[in-house]
Enquirer: 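What follows is a single structure, and I will ask about it in a moment.
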Amino acid sequence: EEAAYEERRYPAGKWACVTKGEPLYEQSISMSFMKLMRYICKENSVGCYLGMTVPVLNEIHLTKEGTRLEREVVTAYYLPGEFQQNPPVPTDPEIHITERAPLRVITRVFYGITTEETILREISLLWELLGSTDTVLRETYIVAVYENPSIPQRRNEIWFICRG
């Protein structure tokens with residue numbers, strides 16, 4: 001029987017990130033991912049294909065009321081191991097290389113497309129499973145995407161970020 005959720009740890013590492021604040025969540029992640037794909041494929045200081053890593057992360061924030069997503073979404077691509085020490089410089093000025101601290105998350109898998117509606121539902125479901133706790137952040141969440149957006153039943157996860 002599959003667990004309802006699990007706790008995981010991720011090491012520190014370098015990520016290529018794009019921040020977008022389009023009217024719809026789907027527009028922000030689509031535009032950001034296209035920029036990242038161009039960086040991954042050739043538009044970088046080494047002029048070569050860097051290699052795809054998964055998951056691609058979309059960091060989201062809830063509004064004060066907790067009923068909607070803030071417009072601004074950070075989409076992040078983990079740089080492959082051989083580029084961690086010396087990341088290729090993006091030609092696109094909207095792409096920033098960021099060093100992320102180690103991360104501990106509570107995560108739950110879900111399948112299908114990711115929209116504001118499905119993400120809010122998944123956040124709500126995981127809160128129901130966890131119950132009342134102050135060990136995770138309440139305003140920042142991560143949607144981890146493991147497969148191409150064109151796959152109808154693609155695998156995703158909602159990540160709750162553990163404090164300290």
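Owing to the predicted nature of the structure, the values given are computational and were not obtained by experimental measurement.
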Enquirer: Would you call the rings of Trp159 and Tyr10 parallel, tilted or perpendicular, where under 30° means parallel and over 60° means perpendicular?
Expert: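 Geometry flag for Tyr10 against Trp159: parallel rings.
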Enquirer: How close do Ser32 and Val18 get, heavy atom to heavy atom, and via which atoms?
Expert: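 Residues Ser32 and Val18, closest heavy atoms: OG-CG1, 3.4 Å.
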Enquirer: Do Val143 and Leu69 sit in one hydrophobic cluster, given that two such residues count as connected whenever their side-chain heavy atoms are within less than 4.5 Å of each other, even indirectly?
Expert: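 Linked, Val143 and Leu69 end up in one cluster.
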Enquirer: When you look at Lys64 and Glu70, which way does the salt bridge (Lys or Arg N to Asp or Glu O under 4.0 Å) test go after all the steps?
Expert: CA-CA 9 Å; Lys64 293 255 186 282; Glu70 292 281 356; over 6 Å; no
Enquirer: Look up atom CZ in Arg9 and atom SG in Cys162, then write down how far apart they are to the nearest 0.5 Å.
Expert: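 So the gap between those two atoms works out to 8.0 Å.
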Enquirer: For Leu120, is there any backbone N or O sitting under 3.5 Å from a side-chain donor or acceptor partner on Ser124?
Expert: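 No; judged by distance alone, with no hydrogens or angles, the pair does not exist.
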Enquirer: Please determine whether residues Val136 and Leu57 belong to a single hydrophobic cluster, defined as Ile, Leu, Val, Met, Phe, Trp and Tyr linked transitively by side-chain heavy-atom distances below 4.5 Å.
Expert: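 No, because Val136 and Leu57 fall into different hydrophobic clusters, even though each may have its own neighbours under 4.5 Å.
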Enquirer: Could you tell me if Thr91 and Arg38 have a donor-acceptor pair between their side chains, going purely by distance under 3.5 Å?
Expert: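 Short answer, no.
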Enquirer: Hey, does Glu22 have a side-chain heavy atom less than 4.5 Å from the side chain of Met31?
Expert: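 SC-SC contact between Met31 and Glu22 confirmed.
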Enquirer: Between Lys35 and Glu94, is a salt bridge (Lys or Arg N to Asp or Glu O under 4.0 Å) present by the stated rule, with each step listed?
Expert: CA-CA 8 Å; Lys35 284 181 169 290; Glu94 284 190 52; 3.5 Å; yes
Enquirer: Is there a donor-acceptor pair closer than 3.5 Å between any side-chain N or O of Arg163 and the backbone N or O of Thr135?
Expert: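 Checked: no pair found.
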Enquirer: Start with the C-alpha distance between Arg68 and Glu117, add both sets of side-chain angles, then the distance that settles salt bridge (Lys or Arg N to Asp or Glu O under 4.0 Å), and finish with yes or no.
Expert: CA-CA 9 Å; Arg68 292 197 353 255; Glu117 185 183 358; over 6 Å; no
Enquirer: Can a salt bridge be assigned to the pair Arg104 and Glu7 using a cut-off of 4.0 Å between side-chain N and carboxylate O?
Expert: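 A salt bridge links Arg104 with Glu7.
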Enquirer: Set out, in order, the CA-CA distance, both residues' side-chain angles and the distance that settles side-chain contact (heavy atoms from CB on, under 4.5 Å) for Thr115 and Tyr25, then state yes or no.
Expert: CA-CA 6 Å; Thr115 63; Tyr25 169 81; 5.7 Å; no
Enquirer: Could you please spell out the steps behind the side-chain contact (heavy atoms from CB on, under 4.5 Å) verdict for Ile97 and Trp15?
Expert: CA-CA 6 Å; Ile97 306 300; Trp15 295 73; over 6 Å; no
Enquirer: Checking the side chain of Lys14 only, and the main-chain atoms of Gln84 only, is there a donor and an acceptor separated by less than 3.5 Å?
Expert: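 Answer holds: yes.
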Enquirer: Answer yes or no: are there more than 12 heavy-atom neighbours, outside Asp92 itself, under 6.0 Å from its atom CG?
Expert: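 Yes, the 6.0 Å shell around CG holds more than 12 heavy atoms from other groups.
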Enquirer: Report yes if the side chains of Val89 and Asn44 come closer than 4.5 Å at any heavy-atom pair, otherwise no.
Expert: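 No, side chains not in contact.
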Enquirer: Quick one: are Val73 and Lys20 in side-chain contact, heavy atoms under 4.5 Å?
Expert: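 Result no, sub-4.5 Å side-chain heavy-atom pair not found.
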Enquirer: Can you list everything that forms a side chain to side chain contact (heavy atoms under 4.5 Å, CB included) with Tyr5? Sequence neighbours excluded, please.
Expert: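 Side chain to side chain contact (heavy atoms under 4.5 Å, CB included) list for Tyr5, sorted by chain: Ile106, Arg108, Leu126, Leu129, Leu130.
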Enquirer: Quick one: which of Glu43, Lys42, Met52 gives a side-chain contact (heavy atoms from CB on, under 4.5 Å) with Met37?
Expert: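 It is Met52; the other options fail the test.
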Enquirer: Count I, L, V, M, F, W, Y as connected when their side-chain heavy atoms are under 4.5 Å apart, and connections chain through other members. Are Ile119 and Ile142 then in the same cluster?
Expert: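 No, because Ile119 and Ile142 fall into different hydrophobic clusters, even though each may have its own neighbours under 4.5 Å.
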Enquirer: Would you give the length of the straight line joining atom CG of Leu36 to atom SG of Cys41, rounded to the nearest 0.5 angstrom?
Expert: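 If I round to the nearest 0.5 Å, the distance is 10.5 Å.
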Enquirer: I want to check something: taking the side chain as every heavy atom from C-beta on, are Ser45 and Pro88 in contact at a cut-off of under 4.5 Å?
Expert: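 When only atoms from C-beta onward are counted, Pro88 and Ser45 do touch, with a gap below 4.5 Å.
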Enquirer: Would you please test Asn58 and Thr75 for side chain to side chain donor-acceptor pair (under 3.5 Å) and show each step?
Expert: CA-CA 4 Å; Asn58 296 295; Thr75 300; 2.8 Å; yes
Enquirer: Side chains of Ile123 and Ile158: does their closest heavy-atom pair fall under 4.5 Å?
Expert: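 They are in side-chain contact.
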Enquirer: Can you confirm whether Glu82 is buried at CD, in the sense that more than 12 heavy atoms of other residues, nucleotides or ligands lie under 6.0 Å from that atom?
Expert: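 Yes, enclosed.
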Enquirer: Mind listing the closest non-hydrogen atom pair of Ala12 and Tyr78 along with its distance?
Expert: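 Between these two residues, the closest heavy atoms are O-OH, 4.5 Å.
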Enquirer: Would you give the length of the straight line joining atom CD of Glu99 to atom CG of Leu79, rounded to the nearest 0.5 angstrom?
Expert: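 Those atoms lie 10.5 Å apart.
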Enquirer: Between atom OH of Tyr77 and atom OH of Tyr39, what is the distance when rounded to the nearest 0.5 Å?
Expert: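 Atom-to-atom, Tyr77:OH and Tyr39:OH are 7.0 Å apart.
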Enquirer: Does Arg100 pair with Glu59 as a salt bridge, N-O distance under 4.0 Å?
Expert: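 Judged by the 4.0 Å cut-off on N to carboxylate O distance, Arg100 and Glu59 do form a salt bridge.
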Enquirer: Cluster question for you: counting only ILVMFWY and a side-chain heavy-atom cut-off of under 4.5 Å, with indirect links fine, are Val105 and Phe110 together?
Expert: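 They do not share one cluster, since no chain of ILVMFWY contacts under 4.5 Å joins Val105 to Phe110.
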Enquirer: Once you round to the nearest 0.5 Å, how far does CG of Leu62 lie from OH of Tyr141?
Expert: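 If I round to the nearest 0.5 Å, the distance is 5.0 Å.
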Enquirer: Quick one: side chain to side chain contact (heavy atoms under 4.5 Å, CB included) partners of Arg155, sequence neighbours excluded?
Expert: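 Result, side chain to side chain contact (heavy atoms under 4.5 Å, CB included) vs Arg155: Arg8, Val109, Tyr111, Tyr146, Glu147, Glu157.
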Enquirer: Within this structure, what is the CD1-CD1 distance for the pair Ile151 and Ile113, rounded to the nearest 0.5 Å?
Expert: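 Interatomic distance, Ile151 CD1 to Ile113 CD1, rounded to 0.5 Å: 14.0 Å.
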Enquirer: Between Val145 and Phe160, is there shared hydrophobic-cluster membership here, with clusters defined by ILVMFWY side-chain heavy atoms closer than 4.5 Å?
Expert: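 Yes, it is one cluster - the side chains of Val145 and Phe160 are joined through contacts under 4.5 Å.
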